[in-house]
Colleague: 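Encoded as structure tokens, here's the structure I'll be asking about.
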Protein chains: 2
Amino acid sequence: MSKCEQCIIRQFNSLKTLRKDDLIRLSGCKTTKTVNKGEIIFDEGENINGVYCIKDGVCKLSKLSANGKDQILKLVVKGDLLGQRSLISDEPTNLRAVAVNDMEVCFIPKQEIIYDLKNNIDFSMDMLKDMAEDLRTADNVIVDMAQKSVKQRMAETLLYLYDNFGTDEKGSLNIVLSREDYANIVGTATESAIRILSQFKKEGLISTEGKYITLEDVEALKRVE
Amino acid sequence: MSKCEQCIIRQFNSLKTLRKDDLIRLSGCKTTKTVNKGEIIFDEGENINGVYCIKDGVCKLSKLSANGKDQILKLVVKGDLLGQRSLISDEPTNLRAVAVNDMEVCFIPKQEIIYDLKNNIDFSMDMLKDMAEDLRTADNVIVDMAQKSVKQRMAETLLYLYDNFGTDEKGSLNIVLSREDYANIVGTATESAIRILSQFKKEGLISTEGKYITLEDVEALKRVE
DNA sequence: CGTAAAACATGACATATATCATATTTATTA
DNA sequence: TAATAAATATGATATATGTCATGTTTTACG
């Protein structure tokens, strides 16, 4: 089994603040597993009882709305932690986590994380910083949802994916989502998402090949109204 | 000057976890001030350099969107802390705070709060819990913004105010907001907010007398679609 | 490989909401 | 108290977006 103290992934999250002996302790009780694309890691209302450290892959965090549509709230990527919030608030999670592609994750039991939170002030301060950052992002999303058009939000989503996932050698986005996923990020009907992507394509802002999307005119996307 | 260790307000926020000697220390460096209705406590981009403890009154936290509209993200009330997030992330605040009515607040300098965060694990854990709770709320708001109609959001706003501020002897909401404020909470045009409130009035869901609003049929408001 | 299912695409139409215009009422202040 | 500004109200209209229908393409899988 791989060892936390030798894992470079932890450099990207709060676990970087832990010292060697703590990491060795975590190594001893963590479990590693693979999650296939489309698999549910946890569902709304479940007790997670721990934290996932994402070694590879991407998953989407979503929440079901009253009308039956799933709103995607966050994409969690390699290097991120998953499940800290419900661990801290000691409540069942309010979100569903589904693998967007094949993933490799480590699961660290709740009591271990709690131990470190209570005994390592650097760890809890770093966690606080992460949450403050998440809250700031959430504020921005709320303002966008409330005040921007669907078309603007779609353009921003494409730019976000471009900035955070980059492109492959052909120039297409390094993350592949369904049109329904796009709709559920933007907060619109799937047909509307498809329509807007088609329109962007006609206008030369993007090109598509099946699910693969290439941003052809980043500056124009920034100017979409 | 009043003393933190005798102030009952702190029972409602994370300061409740502090011990007597810490509270006495805070008492020595805090400043108390009154803020008049409409006054800006801090503005987007400012360095706050501390935390406000709300002794009395209500203020609105808002963020200006690109199109020039102000989105209200949270109402901060008596007993709440204000400004923790930018203190923790050590960045200028992303929000504006404006008094909704006359307020009395205590200001505690940044280094004092940081000291307690680093030296009192109960305090930082409580702060973490608060933030986790705020994040959960933000998730719900995002889903509502993305998936619910303006009418539903207005109904929910009224119910939120009803639950959190209660009513006076005449039955009208204990918090008085302008129609523009309602629009900026719901995320709609001021005219639309006015129109929907008028419609609710015609349908007997609420009654109004100037800025005073009374919920006449709470159950019907819950069923608004 | 062929068939079924899922995803994608697009038209037609309904409707919620924004915008602009213009009263009317209420609050502010000279 | 009068004058002015701000807030509230409501109509008319434009537009963005959702919904329903239908067809096509892609994917999954027996």
Colleague: Would one find more than 12 heavy atoms of other residues, nucleotides or ligands at under 6.0 Å from atom CD of A/E209?
Modeller: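 Not more than 12 within 6.0 Å, no.
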Colleague: State which residues pass salt bridge (charged side-chain N to carboxylate O under 4.0 Å, His left out) with B/K129; sequence neighbours excluded, sorted by chain then number.
Modeller: none
Colleague: Between D/dG18 atom P and B/K148 atom NZ, what is the distance in whole Å?
Modeller: 16 Å
Colleague: Chain A on DNA chain C: first and last contacting nucleotide, 5' to 3', under 4.0 Å to a heavy atom?
Modeller: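 Listing 5' to 3', DNA chain C meets chain A from C/dA7 to C/dA12.
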Colleague: To the nearest 10 degrees, what angle separates the axes at the start and end of the helix from C/dC1-D/dG30 to C/dA30-D/dT1, five pairs each?
Modeller: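 The helix from C/dC1-D/dG30 to C/dA30-D/dT1 shows an end-to-end axis angle of 50°.
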Colleague: Could you give the CD-to-C1' distance, from A/Q199 to D/dT17, as a whole number of Å?
Modeller: 12 Å
Colleague: Assess whether atom CZ of A/F12 is packed by more than 12 heavy atoms of other residues, nucleotides or ligands within 6.0 Å.
Modeller: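 Result for CZ/A/F12: open.
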Colleague: Grab the CD-C1' distance between A/E225 and D/dA16 for me, whole Å please.
Modeller: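 Value for this atom pair: 14 Å.
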Colleague: Please determine, by modelled atom types, if B/T167 and B/N174 share a side-chain donor-acceptor pair under 3.5 angstrom.
Modeller: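 There is no such pair (donor and acceptor under 3.5 Å, judged by atom type) between the side chains of B/T167 and B/N174.
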Colleague: What heavy-atom pair brings B/Q71 and B/I185 nearest, and what distance separates the two atoms?
Modeller: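 Taking every non-hydrogen atom into account, NE2-O, 3.1 Å.
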Colleague: So which of residues 149-162 of chain B are in contact with DNA chain D, with a heavy-atom cut-off of under 4.0 Å?
Modeller: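 None - not one residue of the stretch has a heavy atom sitting under 4.0 Å from the strand.
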Colleague: Please name all residues satisfying side chain to side chain donor-acceptor pair (under 3.5 Å) with A/K151, sequence neighbours left out, ordered by chain then number.
Modeller: none
Colleague: In this structure, are over 12 heavy atoms from other groups packed under 6.0 Å from B/K16 atom NZ?
Modeller: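 Counting other residues, nucleotides and ligands, NZ of B/K16 exceeds 12 neighbours.
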Colleague: Mind checking salt bridge (charged side-chain N to carboxylate O under 4.0 Å, His left out) for B/K78 and listing every partner two or more places apart, or none if nothing turns up?
Modeller: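 By the salt bridge (charged side-chain N to carboxylate O under 4.0 Å, His left out) rule, B/K78 matches no residue at all.
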Colleague: Using whole Å, what does the distance between atom C1' of nucleotide D/dG18 and atom CG of A/N67 come to?
Modeller: 11 Å
Colleague: Determine whether more than 12 heavy atoms belonging to other residues, nucleotides or ligands lie under 6.0 Å from atom CD of B/E225.
Modeller: no
Colleague: Keeping B/Q147 on the side-chain end and A/G187 on the backbone end, is there a donor-acceptor pair under 3.5 Å?
Modeller: no
Colleague: What does the list of N/O pairs under 3.5 Å between the protein and nucleotides 26-28 of chain D look like, with a distance for each?
Modeller:
none

Colleague: For nucleotides 23-25 of chain D, tabulate all protein N/O to nucleotide N/O atom pairs closer than 3.5 Å, reporting atom names and distance.
Modeller:
none

Colleague: Just by distance, no angles: are the side chains of B/N184 and B/K60 close enough, under 3.5 Å, to form a donor-acceptor pair?
Modeller: no
Colleague: Not counting sequence neighbours, list each pair that qualifies as a salt bridge (Lys or Arg N to Asp or Glu O under 4.0 Å) and has a residue in residues 183-207 of chain B.
Modeller: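 Listed by first then second residue: nothing to list.
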Colleague: For DNA chain C, determine which residues of residues 172-197 of chain B have any heavy atom closer than 4.0 angstrom to one of its atoms, and list them numerically.
Modeller: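 The answer is B/T188, B/A189, B/E191, B/S192, B/R195.
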Colleague: Output yes when B/D43 and B/R96 qualify as a salt bridge under the 4.0 Å nitrogen-oxygen rule, no when they do not.
Modeller: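 The answer is yes: the pair qualifies as a salt bridge.
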Colleague: Name all residues meeting the ring-ring contact (aromatic ring centres under 6.0 Å, His included) criterion together with B/F107; count only those two or more places apart in sequence or in a different chain, and write none if there are none.
Modeller: B/Y52
Colleague: Which pairs count as salt bridge (Lys or Arg N to Asp or Glu O under 4.0 Å) when at least one residue sits in residues 79-89 of chain B, sequence neighbours excluded?
Modeller: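 Every pair satisfying salt bridge (Lys or Arg N to Asp or Glu O under 4.0 Å) with a residue in residues 79-89 of chain B: A/D139-B/R85.
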Colleague: Is a donor from one side chain sitting under 3.5 angstrom from an acceptor on the other, for A/S86 and A/E91?
Modeller: no
Colleague: Applying side-chain contact (heavy atoms from CB on, under 4.5 Å) to A/L95 and A/L73, what does each step give before you reach the verdict?
Modeller: CA-CA 9 Å; A/L95 302 176; A/L73 292 156; 3.3 Å; yes
Colleague: Between D/dG11 atom C1' and B/K202 atom NZ, what is the distance in whole Å?
Modeller: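 Value for this atom pair: 11 Å.
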Colleague: Under 6.0 Å from the CZ atom of B/F165, do we count more than 12 heavy atoms belonging to anything else shown?
Modeller: yes
